[in-house]
Amino acid sequence: MYQGPGVKTSPDFPVPDKMKAWVLGNPGELKLTEKPVPVPKRAEVLVRIDAVAICATDLEIIDHGPPASIQGGMPFNKNFTPGHEYMGTVAALGPGVDEYRIGQRVTVEIHAGCGQCKRCREGMYTSCHNYGLNYGDVDKGHRANGFTTDGGFCEYQVNNINTLVAIPDAMSDEEATLVVTAGTAMYGLTELGGLVAGESVVVTGPGPIGLLGVAVAKALGAQPVILTGTRDNRLKIGLELGADAVVNVRNDKDAVAAVKRLNGGKGVDYVVECSGAPNAVNEAIRMVNRGGKVCLAAFPHAETPVDVAHIVRNNIYLYGIRGEGKSATHRAEAFMSQKRFDATKIHTHTFALDDLPTAIRYAKDRVDDAIKVVVKARGVAAHRVAAE
Ligand SMILES: [Zn+2]
Ligand SMILES: [Zn+2]
């Protein structure tokens, strides 16, 4: 029977001893296995995972390893379960937890900082100085599920209560998986200064963070909000999420000139760079006006040459952001539960947990114009193609 020291369970939510879990073998290789259901410790709860979205970072981890770090090294062949954008139902409470109740629906943010380093004390827990130090005889209390500890491509996971966000019944499982994505966009805008009402904002790159960046910037009152990208179908979704104008940089080769044209001939106040394109930083620093701010929310694969002289001469600020810090997920969830924007416009496909490899193929190859692909352990029939 499932139990642990000081752990509270409920007969309404029986918890099994074992669960289905996908684990990472060699690069690109996922295997469906069985693992013991983890047991929450102090300040933790057990979450029954009801839905998990696939993120570009998951694809990166599964194929290449970083930014996951398991036992201080690459995540391969270590019985590691990836997946980090999940939501579910509280199924058991660790010792002393009274902040949540069994049966409550929650979504999660990723980073549980150590709570004792300089950055955690400043509220910057996504930049925890003890990142990944939670193995062997070192346990600083840091967890980033799906990065340094087991994640969400399974049926149950333990989460620190600081990583939970309560959600209303009216929010669907699929929508709730998108709170952390909107939270990342919210964190970027927070770091840029937060008060963007009436300020001009460009978002470059209509991936999930860019599209929800448009939605969050608009919900915060920014004007105009301009989205640049290369795919018309995604730019159209940007317009539906609140962009005042879009620029297809495939047709309009000079993106900087196009942005200025749309902003009365002037540079904008802020750029949120979500494309990771090789020339994106040099374009972004020319899209902003003097004293403007640029948030870098995507990472290019290669080192990027940057025109430093232009940055210095024009007093431009550059911000690198990691994850969804400073409780940004709570602010994003507030916008979503008040229906200030409809994040479900970026959810395109749902598969059963058993079909994770197919779901990953859809996300990676953008099959059928896939944007956000979700897998669910319950309520979705698995494809039995191989058996027939
Ligand atoms: Zn992610
Ligand atoms: Zn810390």
Side-chain angles (χ1 to χ4, degrees), residues 2-7 15 17-47 49 52 55 57-86 91-97 108-164 180 322-325:
Y2 180 82
Q3 58 188 359
V7 172
V15 179
D17 289 320
K18 296 242 157 84
M19 64 174 183
K20 278 188 209 171
W22 287 93
V23 298
L24 184 56
N26 292 319
E29 181 193 23
L30 286 165
K31 290 179 273 194
L32 186 58
T33 62
E34 205 176 57
K35 280 189 181 182
V37 174
V39 177
K41 298 190 199 127
R42 200 186 73 80
E44 290 177 341
V45 305
L46 180 72
V47 177
I49 297 169
V52 49
C55 172
T57 311
D58 292 319
L59 308 178
E60 203 56 37
I61 289 168
I62 290 163
D63 285 344
H64 305 288
S69 171
I70 301 299
Q71 291 151 27
M74 291 294 247
F76 304 113
N77 297 308
K78 288 178 176 166
N79 205 34
F80 163 62
T81 297
H84 58 271
E85 298 184 355
Y86 58 92
L93 306 175
V97 171
V108 306
E109 55 184 292
I110 298 145
H111 300 257
C114 73
Q116 60 200 36
C117 76
K118 178 178 178 173
R119 292 289 174 247
C120 281
R121 297 289 294 160
E122 293 171 345
M124 291 180 66
Y125 47 87
T126 60
S127 305
C128 176
H129 286 182
N130 288 315
Y131 186 89
L133 295 182
N134 54 350
Y135 57 91
D137 56 5
V138 178
D139 187 1
K140 292 290 190 180
H142 173 274
R143 290 181 69 95
N145 285 1
F147 289 87
T148 64
T149 44
D150 270 352
F153 293 139
C154 57
E155 293 181 286
Y156 291 88
Q157 201 45 268
V158 287
N159 272 81
N160 188 289
I161 55 168
N162 291 329
T163 65
L164 301 179
V180 71
R322 172 71 198 266
E324 63 306 310

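- Listed for the Tyr2 side chain is a donor-acceptor partner under 3.5 Å among the backbone atoms of Pro38.
- Other residues, nucleotides and ligands contribute more than 12 heavy atoms inside 6.0 Å of the NZ atom of Lys35.
- For Asn134, there are no side-chain hydrogen bond (donor to acceptor under 3.5 Å, both in side chains) partners at least two apart in sequence or on another chain.
- For the pair Arg119 and Glu122, the salt-bridge criterion is met [side-chain N within less than 4.0 Å of a carboxylate O].
- To the nearest 0.5 Å, atoms CZ (Arg143) and OG1 (Thr148) are separated by 7.5 Å.
- For the side-chain contact (heavy atoms from CB on, under 4.5 Å) test with Asn145, the passing option among Asn159, Asp150, Thr81 is Asn159; the others fail.
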Considering only distance and modelled atom types, tabulate donor-acceptor pairs under 3.5 Å from the side chains of residues 18-27, sequence neighbours left out.
from, atom 1, to, atom 2, distance (Å)
Lys20, NZ, Asp354, OD1, 3.0
Lys20, NZ, Asp354, OD2, 3.3
Trp22, NE1, Leu353, O, 2.9
Asn26, OD1, Asn77, ND2, 2.8
Asn26, ND2, Glu29, OE1, 3.4

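- Atom CZ of Arg121 sits about 14.0 Å away from atom NE2 of His129, to the nearest 0.5 Å.
- Rounding to the nearest 0.5 Å places CE of Met124 at 11.5 Å from NE2 of His111.
- Take His142 and apply the ring-ring contact (aromatic ring centres under 6.0 Å, His included) test, not counting sequence neighbours, and it matches Tyr131.
- Atom NZ of Lys118 sits about 12.0 Å away from atom OG of Ser127, to the nearest 0.5 Å.
- Among all heavy-atom pairs drawn from Val97 and Glu44, the shortest one is CG2-O, 3.5 Å.
- For Asp58 (side chain) and Cys55 (main-chain N/O), a donor-acceptor pair under 3.5 Å exists by modelled atom type.
- Within the 4.5 Å cutoff, the side chain of Ile70 has no heavy atoms near those of the Tyr135 side chain.
- Contact of the Glu155 side chain with the Ile49 side chain is not registered, since no non-hydrogen atoms from C-beta on lie closer than 4.5 Å.
- Side-chain contact, Glu324 with Tyr125: no donor N or O sits under 3.5 Å from an acceptor N or O.
- Here the side chains of Pro40 and Leu93 are not in contact, with every heavy-atom distance at 4.5 Å or above.
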